[in-house]
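See below for the structure under consideration.
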Amino acid sequence: GQQVMQIPQYQHVQEGEDFTTYCNSSTTLSNIQWYKQRPGGHPVFLIQLVKSGEVKKQKRLTFQFGEAKKNSSLHITATQTTDVGTYFCAARWAGGTSYGKLTFGQGTILTVHP
Amino acid sequence: EAQVTQNPRYLITVTGKKLTVTCSQNMNHEYMSWYRQDPGLGLRQIYYSMNVEVTDKGDVPEGYKVSRKEKRNFPLILESPSPNQTSLYFCASSPISGNSGNTIYFGEGSWLTVV
């Protein structure tokens with residue numbers, strides 16, 4: 001089946017450093033979503049990107065969708081301890097794939113050292 | 001309060017004993033889905049439903065059944081659980097159209113252990 005590769009699997013940063021996680025697909029995506037899961041919690045929706053080259057910001061978080069709609073990134077500026085958790089992308093593919101089919105990346109586990 | 005409710009939250013069961021994990025949402029969402037989460041594998045979609053009486057397989061449907069007889073409920077059925085179905089299960093729902101966009105709401109999760 002179709003897969004979305006997410007890297008890195010782990011990221012340890014000092015508080016105040018930046019953090020970026022990437023998702024890549026070999027085929028064109030219809031849209032991509034990003035989620036955050038705190039330790040012991042459930043995934044929480046952050047944002048959805050739909051348009052080619054789209055960039056959205058939420059405070060210190062910047063989300064990008066590639067021009068070819070095959071990759072996406074989440075960048076956090078000046079991390080804080082509250083950013084700790086696992087960040088997932090979730091993709092829907094173009095070209096007739098059912099809207100209901102949503103494939104998650106493996107996730108990036110972010111640890112922030114104070 | 002808008003929410004997705006799963007039950008049970010924690011369960012230890014034995015191989016072969018049928019079990020059902022219930023999922024209910026109070027947001028009148030058309031779309032509902034089940035995922036399992038395993039270390040290093042992220043969330044993998046088991047089944048999804050676009051509306052009442054409409055269900056379809058996700059990436060890992062083997063060993064699971066679902067039904068969507070009512071819009072608010074989407075139970076996950078394990079007819080004959082096996083140890084490889086030990087996992088953390090999440091139910092999720094979202095609207096398909098409208099101003100809410102496609103925000104997906106997840107339940108709190110159900111920890112299932114099959115021994």
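Lettering follows sequence order; numbering is per chain, from 1.
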Which one of Q33(A), H42(A), Q9(A) has the most heavy-atom pairs closer than 4.5 Å to chain B? H42(A)

Between H75(A) and T62(A), do the side chains contain a donor N or O and an acceptor N or O under 3.5 Å apart? no

Do you know which of K57(B), R44(B), Q37(B) has the most heavy-atom pairs with chain A at a distance under 4.5 angstrom? Q37(B)

Chain A contacts, top residue of E108(B), Q45(B), M32(B) (heavy-atom pairs, under 4.5 Å): Q45(B)

According to the interplanar angle, ranging from 0 to 90°, do the rings of Y35(B) and F106(B) count as parallel (below 30°), tilted (30 to 60°) or perpendicular (above 60°)? tilted

Output yes when a side-chain donor or acceptor of S52(A) lies under 3.5 Å from a complementary backbone atom of E67(A), and no otherwise.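 Side chain of S52(A) to backbone of E67(A): a pair is present.
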
Contact part of Q106(A) toward chain B, heavy-atom cut-off under 4.5 Å: side chain, backbone, both or neither?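 Both backbone and side chain.
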
Which atoms of Q37(A) are under 4.5 Å from chain B, going by heavy atoms: the side chain, the backbone, both sets, or neither? side chain

Which is it for E54(A) and K56(A) under the salt bridge (charged side-chain N to carboxylate O under 4.0 Å, His left out) test, yes or no, and what are the steps along the way? CA-CA 7 Å; E54(A) 190 168 18; K56(A) 288 188 176 180; 3.6 Å; yes

Sort Y48(B) into side chain, backbone, both or neither according to what part of it lies under 4.5 angstrom from a heavy atom of chain A.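 Just the side chain, heavy atoms under 4.5 Å.
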
4.5 Å side-chain heavy-atom contact, N26(B) and T5(B): no

